[in-house]
Number of protein chains: 2
Amino acid sequence: MKRRSTPAQQAILNMLKAADSALSQDMIEQQLKGETDRVTIYRVLNRFCEDGLAHRITSDEGKFYFALCKNCQQQHHTHDHFHFRCLSCQKVECLEEKVKVSLPLGYSAANVNCWVSGYCANCSA
Amino acid sequence: MKRRSTPAQQAILNMLKAADSALSQDMIEQQLKGETDRVTIYRVLNRFCEDGLAHRITSDEGKFYFALCKNCQQQHHTHDHFHFRCLSCQKVECLEEKVKVSLPLGYSAANVNCWVSGYCANCSA
DNA sequence: TTTATTATTGCAACATTGTTGCAATAAGAG
DNA sequence: CTCTTATTGCAACAATGTTGCAATAATAAA
Ligand SMILES: [Zn+2]
Ligand SMILES: [Zn+2]
Ligand SMILES: [Zn+2]
Ligand SMILES: [Zn+2]
């Protein structure tokens, strides 16, 4: 299935690049001022994930955020970094810090979803 | 506000003790076979959290799980441990392992919500 | 340029999860 | 036993995410 370049897809990709942070569907819908349907936004974001352009994380609020992949290889994706959500400015960031966890004997890990919420440098000041 | 002991409250508390793992509202509703209303289950669970008996965590599926507090002081609660969700048997556990993360300069942490999903010892075998 | 193919979109409908308001019920004190 | 009010059940709602389907439009082919 070959991808097509569309206004919605471009706008959302640009937003993700410009934001340099993770965005949720509702954040994108707001910035797009309702020009694009909710469903389309979800579909575009999911497509980015399928294509290895972005990754999806479930926040501690229980909703999805999407962020462009930075340090992933084209083939090999690893999203085992911490995510930070600022309780004041709402910004969500992928942190450099990798998650290190040793599981009990016999356990195996398939995926990791780690969040820290608090106040970012701007909002702490 | 003084608490009262009710069948629903007791049943749910016993389930949490017996399970020795974290449960979600729908798991509890199933085991209770619809004898108790959804809303009541949520309210009982939230009450446990208010009373410092349990803690609530948001899973990587985006829904809430509730687990009895084990290593919390009566006054001082710390829920900075990892949680594990088995993709096969659905069991959710509080792990002993504490979350260790160093934030960028100027950032401050208020809360932590860390999940590993994969296969538990039983299901890996 | 024009036409044909089909990826993408918008809309309605639905599923799941969690909360709130309010009247009815029942736990526990006196 | 009676009274107070914490707790429950039910209806209604909000938020988030998905699916089906017909209409639209990006791209390739003619
Ligand atoms: Zn990636
Ligand atoms: Zn990330
Ligand atoms: Zn606790
Ligand atoms: Zn826990």
Side-chain angles (χ1 to χ4, degrees), chain A residues 1-16 22-67 83 85 90 92 111 113 115 117, chain B residues 1-16 22-67 83 85 90 92 111 113 115 117:
Chain A
M1 187 181 283
K2 207 171 290 178
R3 298 297 184 208
R4 292 177 183 177
S5 178
T6 69
Q9 177 263 330
Q10 286 173 40
I12 296 174
L13 183 55
N14 287 337
M15 276 186 55
L16 282 171
L23 300 179
S24 58
Q25 174 271 321
D26 62 297
M27 286 172 164
I28 294 174
E29 190 174 24
Q30 275 188 5
Q31 274 198 51
L32 254 40
K33 291 173 185 170
E35 291 163 17
T36 309
D37 194 76
R38 259 162 36 81
V39 178
T40 299
I41 296 175
Y42 277 116
R43 288 201 264 228
V44 167
L45 290 170
N46 288 331
R47 232 177 286 150
F48 286 167
C49 291
E50 283 173 27
D51 296 348
L53 206 66
H55 62 282
R56 189 183 80 172
I57 54 258
T58 307
S59 86
D60 54 336
E61 318 154 83
K63 63 184 188 182
F64 297 153
Y65 280 80
F66 299 81
H83 293 91
R85 185 168 63 88
Q90 319 304 328
V92 166
N111 204 7
N113 196 89
W115 288 77
S117 58
Chain B
M1 189 181 282
K2 208 171 288 176
R3 297 299 185 206
R4 292 176 183 177
S5 177
T6 68
Q9 177 264 329
Q10 287 173 39
I12 295 175
L13 182 55
N14 287 336
M15 276 186 55
L16 282 170
L23 301 178
S24 58
Q25 174 271 321
D26 62 297
M27 287 172 164
I28 294 174
E29 190 174 23
Q30 276 187 4
Q31 275 198 50
L32 254 39
K33 291 171 185 169
E35 290 163 16
T36 309
D37 193 76
R38 260 162 35 82
V39 179
T40 299
I41 297 175
Y42 277 116
R43 288 201 265 228
V44 167
L45 290 170
N46 287 331
R47 233 176 287 151
F48 286 167
C49 291
E50 282 174 27
D51 296 348
L53 206 66
H55 61 283
R56 188 183 80 173
I57 54 254
T58 307
S59 86
D60 54 336
E61 316 155 85
K63 64 184 186 182
F64 296 153
Y65 280 79
F66 299 81
H83 293 91
R85 185 169 63 89
Q90 318 304 328
V92 167
N111 205 8
N113 195 272
W115 288 77
S117 58

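Numbered from 1 within each chain, the chains take letters A, B, ... in sequence-line order.
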### Query
Which of these nucleotides, C/dT9, D/dT18, C/dT17, is closest to any side-chain atom of A/Thr40?
C/dT9

### Message
I want to check something: taking the side chain as every heavy atom from C-beta on, are A/Ser5 and A/Gln10 in contact at a cut-off of under 4.5 Å?
### Response
yes

### Task
Go through D/dT19, D/dA6, D/dA11 for me and flag the one nearest to the B/Val39 side chain.
D/dA11

### Message
Within the 4.0 Å heavy-atom criterion, would you say A/Glu35 contacts the bases, only the backbone, or no part of the nucleic acid?
### Response
sugar-phosphate

### Query
Shortest non-hydrogen contact from A/Ile41 to A/Gln25?
CG2-CG, 3.8 Å

### Task
Whole angstrom is fine here: how far is it from CZ in A/Arg4 over to C1' in C/dT8?
7 Å

### Query
Bend across the helix from C/dT1-D/dA30 to C/dG30-D/dC1, to 10°, with axes taken over 5 pairs at each end?
30°

### Task
With heavy atoms under 4.0 Å as the rule, sort B/Arg3 into base, sugar-phosphate or nothing.
sugar-phosphate

### Integer-rounded Å distance: C/dG18 P and B/Lys63 NZ
7 Å

### Task
Specify the separation, in whole Å, of atom OH of B/Tyr65 and atom C1' of C/dT16.
13 Å

### Query
Would you say the side-chain atoms of B/Glu61 and A/Thr58 include a donor-acceptor pair closer than 3.5 Å?
no

### Task
Please list, by residue number, the residues of residues 42-60 of chain A whose heavy atoms come closer than 4.0 Å to an atom of DNA chain D; answer none if no residue qualifies.
A/Tyr42, A/Arg43, A/Asn46, A/Arg56

### Query
Atom CD of B/Glu61 and atom P of C/dG18: how far apart are they, to the nearest Å?
10 Å

### Message
Quick check: do A/Arg56 and A/Leu45 have side-chain heavy atoms less than 4.5 Å from each other?
### Response
no

### Query
Within the pair A/Thr6 and C/dT9, is there a side-chain N or O less than 4.0 Å away from OP1 or OP2?
yes

### Query
Rounded to whole angstroms, how far apart are NZ on A/Lys2 and P on D/dA28?
6 Å

### Query
D/dG17 base to A/Arg38 side chain: any donor-acceptor pair below 3.5 Å?
yes

### Summary
Nearest heavy-atom approach of B/Met15 to B/Met27 is CE-O, 4.5 Å

### Query
CD of A/Gln30 versus C1' of D/dT16: gap in Å, rounded?
15 Å

### Message
Once you apply a heavy-atom cut-off of 4.0 Å, does A/Ser5 come out as touching a base, just sugar-phosphate, or nothing?
### Response
sugar-phosphate

### Message
Just so I know, are the side chains of B/Phe66 and B/Cys49 near enough to count as touching, which here means a heavy-atom distance under 4.5 Å?
### Response
yes

### Task
Indicate yes or no: at least one non-hydrogen side-chain atom of A/Phe48 is less than 4.5 angstrom from one of A/His55.
no

#### Entry: From A/Glu29 atom CD to A/Ile12 atom CD1, the distance as rounded to the nearest 0.5 Å
10.0 Å

### Query
What is the distance, rounded to the nearest whole Å, between atom CG of A/Asp37 and atom P of C/dC11?
6 Å

### Task
Round to a whole Å and report the spacing from CD of B/Gln25 to P of C/dT19.
10 Å

### Minimum-distance pair of heavy atoms, taken over all atoms of B/Ile57 and B/Trp115
CG1-CZ2, 3.3 Å

#### Entry: Closest heavy-atom pair and its distance - B/Val39, B/Asp37
N-OD2, 3.0 Å

### Query
Looking for any heavy atom pair under 4.0 Å, which part of the strands does A/Ser24 touch: base, sugar-phosphate only, or nothing?
nothing

